[in-house]
Engineer: 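Here it is, the structure, as structure tokens.
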Amino acid sequence: MRLFVAIRFDNSIIEALEELQADLSQSGLRGHYTRTENLHLTLAFIGEYGDAAAVQEALAGVEFRPFSIALQGIGRFGDLYWAGIRDGEEAEKLVKRIRRALADAGIPFDRKRFSPHITLVRKAEYRGSGALPEVIPPEASMQVQGFSLMRSERGRNGMIYTELARFPED
Ligand code: 2AM
């Protein structure tokens, strides 16, 4: 199964991201918009891996302290548009601890440099002028209380992400 580790959002961030997607759409950006229930911030991408229990065990040992995140700006990687987060240092530290735990347990993961982004639109086509639509995310922040092990499957109408476990565990 295809696995990744992510921060899931509370309603304040979700609503701000929906508003941002609506603004992008109104400014003429066409593409595959991430469905509301799929909005997340990826911390580590494991990919195809059969032993979710081993991943769960590794993640259970990751030290975690709550921290806040806030939306800031939009950017793009080619035809993928994303929302950024402000002061990503705490998320970055968490990513380091997660990657260390996965590596120590012999679990493979994508080792690309962490570049915090919330994917809003894939395969985007912009016909307006300028490189990026002039769109600013609404002010929104949240206290991150934990992170999730997620499964990703291809459904009939796009990707289906399912939370397998939350950390720190109760
Ligand atoms: P993306 O938002 O930039 O597409 C599930 O696929 C999640 O894992 C997505 O959020 C995706 O990021 C992220 N991800 C990170 N590295 C990936 C990779 N090498 N292949 C596929 N998805 C990856």
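For the single chain, residues carry numbers from 1 onward in sequence order. Every number for a ligand or one of its atoms is a count from 1 in the order of the listing.
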Engineer: At a 4.0 Å cut-off, with the gap strictly under it, does some heavy atom of R2 reach an atom of ligand 1?
Structural biologist: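 Judged by the 4.0 Å heavy-atom criterion, R2 does count as contacting ligand 1.
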
Engineer: Which heavy atom of M142 sits nearest a heavy atom of R8, and at what distance?
Structural biologist: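 Looks like CE-O, 3.6 Å.
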
Engineer: Nearest heavy atom to atom 7 (C) of ligand 1 wins, so pick from D110, L39, I46, T42.
Structural biologist: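 Comparing heavy atoms across D110, L39, I46, T42, the nearest one to atom 7 (C) of ligand 1 lies in T42.
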
Engineer: Please state which protein non-hydrogen atom is closest to atom 14 (N) of ligand 1 and give its distance, to 0.1 Å?
Structural biologist: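 Of every protein heavy atom, F45 CD1, 3.5 Å lies nearest to atom 14 (N) of ligand 1.
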
Engineer: Check side chain to side chain contact (heavy atoms under 4.5 Å, CB included) between R100 and all other residues, then give those that pass, not counting sequence neighbours.
Structural biologist: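 For R100 the side chain to side chain contact (heavy atoms under 4.5 Å, CB included) partners, ignoring immediate neighbours, are D104.
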
Engineer: Suppose we measure from atom 4 (O) of ligand 1 to each protein heavy atom; which comes out shortest, and what is that distance?
Structural biologist: R122 NH2, 2.4 Å

Engineer: When you check the gap from the basic side-chain N to the acidic O, do E63 and R65 get nearer than 4.0 Å?
Structural biologist: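 Yes, charged N to carboxylate O under 4.0 Å.
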
Engineer: Mind listing the closest non-hydrogen atom pair of A70 and S141 along with its distance?
Structural biologist: CB-CB, 3.8 Å

Engineer: How close does the nearest protein non-hydrogen atom get to atom 3 (O) of ligand 1, and which residue and atom is it?
Structural biologist: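 Heavy-atom neighbour on the protein nearest atom 3 (O) of ligand 1: H117 NE2, 2.7 Å.
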
Engineer: Going by the rule side chain to side chain contact (heavy atoms under 4.5 Å, CB included), which residues pair with R156 if we only count those two or more places apart in sequence or in a different chain?
Structural biologist: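 Partners of R156 under the side chain to side chain contact (heavy atoms under 4.5 Å, CB included) test: none.
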
Engineer: Heavy-atom contact check, 4.0 Å cutoff: does M159 meet ligand 1?
Structural biologist: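 M159 does not count as a contact of ligand 1 under the 4.0 Å cut-off.
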
Engineer: Would you mind listing which atoms of ligand 1 come within a distance below 4.0 Å of any non-hydrogen atom of H40?
Structural biologist: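 By the 4.0 Å cutoff, the relevant atoms are 7 (C), 9 (C), 10 (O).
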
Engineer: Do R35's NZ or CZ and the ring of Y33 fall within the cation-pi criteria of under 6.0 Å and 45°?
Structural biologist: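 No, cation not above the ring by the 6.0 Å, 45° rule.
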
Engineer: Quick test: of every protein heavy atom, which one is nearest to atom 2 (O) of ligand 1, and how far off is it to 0.1 Å?
Structural biologist: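 Going by distance alone, atom 2 (O) of ligand 1 is nearest to T119 OG1, 2.4 Å.
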
